[in-house]
Amino acid sequence: MSKRYAVILAAGQGTRMKSKLYKVLHPVCGKPMVQHVADQVSNLHINEIVTIIGHGADQVKSQLGEQSSYCLQEEQLGTAHAVMQAKDLLEGKEGVTLVVCGDTPLIKSETMERLFSHHEETKAKATVLTAYTEDPTGYGRIIRNDHGFVEKIVEHKDASDEERKVKEINTGTYCFDNQALFEALNNVSNENVQGEYYLPDVIEILKNAGEIVTAYQTDDFEETLGVNDRVALSQAEKILRKRINTLHMRNGVGIIDPENTYIGTDVKIGSDTIIHPGTILNGQTTIASDCIIGPNTEIKDCQIGEGTVIRQSVAHDSVIGAGVNIGPFAHIRPQSQIDDEVKIGNFVEIKKASFGKGSKASHLSYIGDAEVGSDVNIGCGSITVNYDGKNKFLTKIEDHVFIGCNSNLVAPVTIGKGAYVAAGSTVTEDVPGNALTIARARQVNKENYADKLNQKN
Ligand code: UD1
Ligand code: CA
């Protein structure tokens, strides 16, 4: 098999987005568009992936990292000019080059693979991926001759009324014979309405040079949607959302209301887990089987074990075990580690804390920078006082400890195994195992004092 290269075009500003964020970095289902494209391209066997960067170059580079090499396009003079920037890396090499736009986030690797095959089978020098749509406004049109062969591509802005009636569009994805591509690029001019060097012109140039040029039409226009503004962005989001949710449901995940459930592409969910409406699952999140998640729950970068229930809560960057019960209205902040059968109840905030098996913080607590053992009960309103205004300190609560309601554990402090902390205590010193600590003023009852007060008035 000949060598394969890929060029991802990602240098444009995306003026039509009217945004500070560069276009290809806008997320679709929680992942930047260009990352979607790069991930799909990475699924193919490609010898070298080159991304053309310009606007937001550093951000795009740090987003894709090692997945790609990079060429800088300092001025954005058009898509042909963009591909030209890969000259130093690719020119003269034998093989096939896939060119794909960073703003077509829904394109699938299977479709690109079929484009490669079609290109190779037809022995073409250029193959354009096309699609049919009832509303082709804005897209380049595929102009075919009387025999049905592709002649050229005309941009919407340059097209005649007749050409604008064509409903077969250029998806912006192509395969080229690499050497023929770089030769043809030298002949692309910018004599058009936009004064840009158009990559689609390569098709006509190669055709006129007597080379074989073909088109491969996909039957799924939705997949090739180009995102130029926020309306298209929301369409892409909707299409991808449906695609992702459908896949999960086919795999046995229960999604009560798929239109109002937002699951990122890389999220994994086990069967018989039920996702309630208003739930947003993102990043590298894995949820095992038989869980109940939501409604209105936001989870990012978490690992969640079997049979866990998380209702109306937020959890980020944490590991949560099996049979755990969280919420309603709990907040699990990053670097928390919650073992099996733990209960984190209403209005409890956990930050950078570990909870051993079976422990409970059922109501109104803040537990930050803490190591909580197993079978610990943290009473309502108790908190770890982890911050002195400058530094953070650790609270250790060993196994089987009982923390009475409304206690303050002033860190650094350790509550030894099996100890009891009386309600309302402010604990500033370590408590030995099995002890009872009472760290508050003793109650004084003044008999009939109310009468005395009443007399004064
Ligand atoms: C392009 C195609 C059009 C096709 C459509 C499919 C051209 C001239 N037109 O139009 O035929 O129907 O895509 O979505 O190619 N970019 C650069 N450098 C540049 C210009 C663009 O890197 O100098 C990048 C952009 O960041 C973007 C991609 O190329 O990711 C496409 O550019 P865009 O301006 O969106 O092209 P369209 O007008 O959508
Ligand atoms: Ca575009």
Side-chain angles (χ1 to χ4, degrees), residues 264 266-270 273 279-294 297-379 382-387 391-403 407 409-419 421 430 433:
D266 302 329
V267 174
K268 296 185 177 62
I269 310 173
T273 283
T279 295
I280 306 173
L281 308 174
N282 269 320
Q284 302 298 318
T285 292
T286 346
I287 300 174
S289 307
D290 299 313
C291 294
I292 298 174
I293 309 290
T297 290
E298 181 191 314
I299 298 174
K300 191 172 182 219
D301 295 322
C302 287
Q303 273 66 61
I304 297 168
E306 256 177 52
T308 285
V309 177
I310 304 182
R311 291 179 296 154
Q312 279 110 336
S313 293
V314 175
H316 283 188
D317 194 14
S318 291
V319 179
I320 298 167
V324 172
N325 203 323
I326 293 177
F329 314 112
H331 188 183
I332 313 298
R333 292 171 53 198
Q335 297 180 56
S336 295
Q337 165 110 30
I338 295 169
D339 279 0
D340 298 351
E341 292 158 43
V342 163
K343 178 164 193 256
I344 307 290
N346 334 236
F347 307 105
V348 173
E349 177 179 343
I350 307 288
K351 188 216 78 171
K352 205 177 175 183
S354 60
F355 266 72
K357 190 174 175 191
S359 288
K360 294 190 174 95
S362 299
H363 333 265
L364 301 158
S365 278
Y366 169 68
I367 308 294
D369 300 302
E371 288 172 20
V372 178
S374 55
D375 291 317
V376 167
N377 188 73
I378 296 177
S382 293
I383 65 166
T384 55
V385 184
N386 61 330
Y387 185 49
N391 296 302
K392 303 269 166 77
F393 300 95
L394 184 73
T395 300
K396 277 192 193 173
I397 304 174
E398 295 181 355
D399 297 348
H400 307 294
V401 162
F402 183 94
I403 309 284
S407 296
L409 308 177
V410 183
V413 72
T414 298
I415 316 295
K417 191 171 172 182
V421 172
D430 289 354

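Sequential numbering from 1 along the given sequence is applied to the chain's residues.
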Original post:
If you measure from CD1 on I403 to CD1 on I415, what distance do you get to the nearest 0.5 Å?
Top reply: 5.0 Å
**OP:** Over all heavy atoms of both residues, which pair between L394 and A411 is shortest? Give the atoms and the distance, please.
**Re:** O-CB, 3.5 Å
**OP:** Indicate yes or no for a side-chain donor-acceptor contact from T395 to the backbone of G368 under 3.5 Å, with no hydrogens or angles considered.
**Re:** no
Subject >> Test item: I378 and F355 side chains (from C-beta on) under 4.5 Å apart, heavy atoms >> reply: yes
Subject >> Closest contact, heavy atoms only, I350 versus S336 >> reply: CG2-OG, 3.5 Å
Original post:
Judged by modelled atom types alone, do Y387 and D369 share a side-chain donor-acceptor pair under 3.5 Å?
Top reply: no
**OP:** Please check if the side chain of Q303 supplies one atom and the backbone of Q284 the other of a donor-acceptor pair under 3.5 Å.
**Re:** yes
Subject >> Donor-acceptor contact below 3.5 Å, side chain T273 vs main chain D290 >> reply: yes
**OP:** Quick one: pull up OG in S374 and NZ in K417 and give me the separation to the nearest 0.5 Å.
**Re:** 8.0 Å
**OP:** Evaluate the side-chain proximity of Q337 to D339: yes if any heavy-atom separation is below 4.5 Å, no if none is.
**Re:** yes
Subject >> Whether N325 side chain and V342 backbone form a donor-acceptor pair below 3.5 Å >> reply: no
Subject >> Exercise: identify the closest heavy-atom pair between S313 and A330 >> reply: OG-N, 3.0 Å
Original post:
Is the backbone of G270 close enough, under 3.5 Å, to the side chain of S289 for a donor and an acceptor to pair up by distance?
Top reply: no
Original post:
Pick from I287, V324, I320: which one makes a side chain to side chain contact (heavy atoms under 4.5 Å, CB included) with I310?
Top reply: I320
Original post:
Residues two or more places apart in sequence or in another chain: which of them pass salt bridge (Lys or Arg N to Asp or Glu O under 4.0 Å) with E398?
Top reply: none
Original post:
If every non-hydrogen atom of G373 is compared with every non-hydrogen atom of S359, which pair is closest and at what distance?
Top reply: O-OG, 2.6 Å
Original post:
What heavy-atom pair brings Q312 and T297 nearest, and what distance separates the two atoms?
Top reply: N-OG1, 3.0 Å
Original post:
Does atom NZ of K352 have more than 12 heavy-atom neighbours from other groups under 6.0 Å away?
Top reply: no
**OP:** Taking all non-hydrogen atoms of both residues into account, name the closest pair between T285 and N282 and its distance.
**Re:** OG1-O, 2.6 Å
**OP:** Determine, stepwise, if the pair I367 / I344 fulfils side chain to side chain contact (heavy atoms under 4.5 Å, CB included).
**Re:** CA-CA 10 Å; I367 308 294; I344 307 290; over 6 Å; no
Original post:
Rounded to the nearest 0.5 Å, how far apart are CG of L364 and CZ of F347?
Top reply: 7.0 Å
**OP:** Check the pair K300, D317 against salt bridge (Lys or Arg N to Asp or Glu O under 4.0 Å), reporting the backbone distance first and the verdict last.
**Re:** CA-CA 6 Å; K300 191 172 182 219; D317 194 14; over 6 Å; no
Subject >> Test item: N386 side-chain N/O and K392 main-chain N/O as donor-acceptor pair under 3.5 Å >> reply: no
Original post:
Given side chains that start at C-beta, do those of T308 and I338 come closer than 4.5 Å, heavy atoms only?
Top reply: no
Original post:
Heavy-atom count around K360 NZ within 6.0 Å, excluding the residue itself: above 12?
Top reply: no
Original post:
Could you state the interatomic distance from CG (N377) to CG (D375), rounded to the nearest 0.5 Å?
Top reply: 10.0 Å
Original post:
To the nearest 0.5 Å, what is the distance between CD (E349) and CD1 (I332)?
Top reply: 9.5 Å
Subject >> Nearest-0.5 Å distance, CG of residue D266 to OG1 of residue T286 >> reply: 10.5 Å
Subject >> H316 and E298, any side-chain heavy atoms less than 4.5 Å apart >> reply: yes
